[in-house]
Structure formats: structure tokens, C-alpha cells
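All values reported here derive from a predicted model rather than from experimental measurement. We number each residue from 1, following the sequence as shown.
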Amino acid sequence: MSTAAIPGAPLPVRQPGSRARGRHRRPERPEIPAGSPALILAVPAAAGPDARPVVDELLSIVRGEQPGIEIAAGYLGGEDADTVAGLIAQALDAGMPAPVLVPLLPGPHGFLEELHRLAAETGAVVTDTLGPHPLLAEAVHVRLSEAGLARADRARLFAITTAADGVVLTTAGGEDAAASAGITGVLLAARLAVPVVAAALDVPGSVAAAVEHLKATGSERPALAPLVIGPEADPELLAAAAEETGCPSAAPLGAYPTVGQLIASTYLAVLPAAPVEQQAEHAEQSGSAAHAGEPAAE
């Protein structure tokens, strides 16, 4: 019989659960040091109806990953208040630290030159791009599976008649971007167990040559998989590549959740560590709490 069923017995007190331990517990979110600079998500496109929905959703994902984070999106063009340069100026005018610029890019791109120029003029920090990274390979895999071009995972062994037996990983940013995408392509090939070749959408003939290479090596059903978040590539390039090659294509990554996770982790990686004084104070407080209640030495 529970204590709640005994007349006059006190109501049971809910005890807090113990912190999950082991390899499967959710990692704790790192704290952002006080006075940290704001995060500007640098978007390689003008503010407009094509870019804003994806960017706004990514901002929401980042805030969910790291509550309390100071984040805003800065665009390549548009009203001054929306541009990267305008947001940097607002932060400096308000007496805030120079912000951290996280490029909304999976790899090298001409937009980075503009960001580094702004950083040199203002003291802002430009982080690395979001890729190559295993989480981007995961996102591409999911987009392929959504289009019926790949199995959702290798554990599900049912047949998909439309599954691709070779993938061209398309990106924007020239040959440098394609070379960088090749690393993510290796990770994607390991997930799909099919050959993957990277190609640049903005280099004429690059995607078609990659498709022909796959066909020459035995692929009968090659598909295109954009390693593109969205704003950095002209949608007409994606459509033209599919039409030129006759290959089906998955959708761009867009606001896939792991893209938001990468934005948050890329920002956190460049933040300065907590000052030594704060670390010492925290250690002292932890030690005092640990020894609270122990009998004093005689």
C-alpha cells in the first residue's frame, strides 16, 4: 500500500532523478562566458523571400541548441540593418565586443573574401565554414532518402527500386569547394556503400563530367545530391544540372537540424575560455560544497 492511501500520512515527495551516466546520456550544453561576442550568421545572399525562411528556421534551431545565445543573421545585401556590415557597426556602436561571423557555407566560397575584409576593418572574428563534417554527410543522406534515392539507413535492407548506385555531390564555390566537398563525399560513400564524386555547380561541365565518370565505372542510376544549404547557390544552377545530366536530384540541405547544431558548435569553438579567476572561484565553490557537512578536524 502506498503512503498516499494511509490516512494522515504525508504526501510523497517527488525525488529528483539522478543525472544520466554513460555513453548514451545527452551531453551538457557548455555555458557561454559572460560578455561573449554576439554571433552573426553570415548569409551569402541578399535578404529576400528565397533566403529568409531557411535562415530564420536555422536561427530558431541555434537558439534551441544554445538558449540565451545572442544571434542575428547578416546578409550580403539588403537594408543596412540586415547586412553583415550593418550588424557589426550596430554592435560596436553599442559598446559590445566585435561579433563572431559564422559563414552559412559548407565549404570554400567567394563570399569568404568579403567576410575577411570586414573582419580586418572591424576586429570581428570569422570562423571556419561548417564543413567538411560528418553531420553534413548525415544531412545529405537524409535528403537522398526523402527523395527515394537512398535507404534511410543501412540496417533497413528492403529494396528501393529508385535508389541511386552512384552519387554526384554538387556544391557551389568553384573547384576549391568541390575539393572540400570530396571529404564529406567520402563520409557519405561510407554511409551509402556507393561511389560518391564531388562536382561544382558553378564550373561549366563539372557536374556532367562527374556523372559520366560514374557511368564509366559501372553506375547505372546516378543521382545528384546538393551539398548546398540554399542561399549560397543559384536555384537555376541546381535545376540546370539535373536537366543537363538527366539525373534525379535530392533537395538542398536547407534548415536540417544538424546544420543548426554545426552553427552553434562552430561559434562556441572560437569563444575564449573563462578567465582564470572565474575558474579558480568555481573550483573553490565546488570544493566548499563537497566538504560541507564534514566534521572539522580536531
(request) Report yes if the side chains of E70 and P37 come closer than 4.5 Å at any heavy-atom pair, otherwise no. (result) no

Regarding E113 and R117, does a basic nitrogen lie under 4.0 Å from an acidic carboxylate oxygen?
no

Heavy-atom neighbours of D128 CG exceed 12 at 6.0 Å = no

Sequence neighbours excluded, the answer for side chain to side chain donor-acceptor pair (under 3.5 Å) partners of E212 is none

- request: Would you confirm whether Q66, through its side chain, and G64, through its main-chain N or O, come within 3.5 Å as a donor-acceptor pair?
  value: no

Donor-acceptor pair, distance only, cut-off 3.5 Å: does the side chain of H141 make one with the backbone of A150?
no

request  = Mark yes or no for whether R143, through its side chain, and P252, through its backbone, hold a donor-acceptor pair below 3.5 Å.
outcome  = yes

Tightest non-hydrogen contact, residues P231 and V43, listed as CB-CG1, 3.7 Å

**Request:** Applying side chain to side chain contact (heavy atoms under 4.5 Å, CB included), run through V211 and L224 and close with a yes or a no.
**Result:** CA-CA 9 Å; V211 170; L224 309 184; 4.1 Å; yes

Donor-acceptor contact below 3.5 Å, side chain D176 vs main chain P108 = no

Min side-chain heavy-atom separation S206-L201 under 4.5 Å | no

In terms of heavy-atom contacts, P44 and L104 come closest through CD-O, 3.8 Å

Quick one: does I69's side chain get under 4.5 Å of I32's, heavy atoms only?
yes

Cluster membership besides V126, Ile/Leu/Val/Met/Phe/Trp/Tyr side chains within less than 4.5 angstrom, sorted by chain and number, is I40, L76, V84, L87, I88, L92, L101, L105, F111, L112, L115, L118

In short, side chain to side chain donor-acceptor pair (under 3.5 Å) pairs touching residues 83-100 with sequence neighbours left out are none

*asked:* Just so I know, are the side chains of E175 and V203 near enough to count as touching, which here means a heavy-atom distance under 4.5 Å?
replied: yes

Pairwise side-chain contact, I71 with Y267, heavy-atom cut-off 4.5 Å (strictly under)
no

Problem - Heavy-atom check, side chain of I229 versus side chain of L130, under 4.5 Å - result: yes

query: Given side chains that start at C-beta, do those of L149 and P248 come closer than 4.5 Å, heavy atoms only?
result: yes

Give a yes or no answer on whether the side chain of S219 reaches the backbone of K215 with a donor-acceptor pair at less than 3.5 Å.
no

Apply salt bridge (Lys or Arg N to Asp or Glu O under 4.0 Å) to D82 and R52, showing your working.
-> CA-CA 11 Å; D82 288 332; R52 280 191 183 277; 2.7 Å; yes

Discussion item. Within the 4.5 Å heavy-atom criterion, are L58 and V259 side-chain neighbours or not?
Written reply: yes

Sequence neighbours excluded, the answer for side chain to side chain donor-acceptor pair (under 3.5 Å) partners of D202 is none

Flag, side chain of T217 to backbone of L214, donor-acceptor distance under 3.5 Å:
yes

Minimal heavy-atom distance between A225 and L144, with the atoms involved, is CB-CD2, 3.9 Å

Connected to L187, directly or through other members, by ILVMFWY side-chain contacts below 4.5 Å are none

Side chain to side chain donor-acceptor pair (under 3.5 Å) pairs touching residues 242-265, sequence neighbours excluded, are E138-Y256

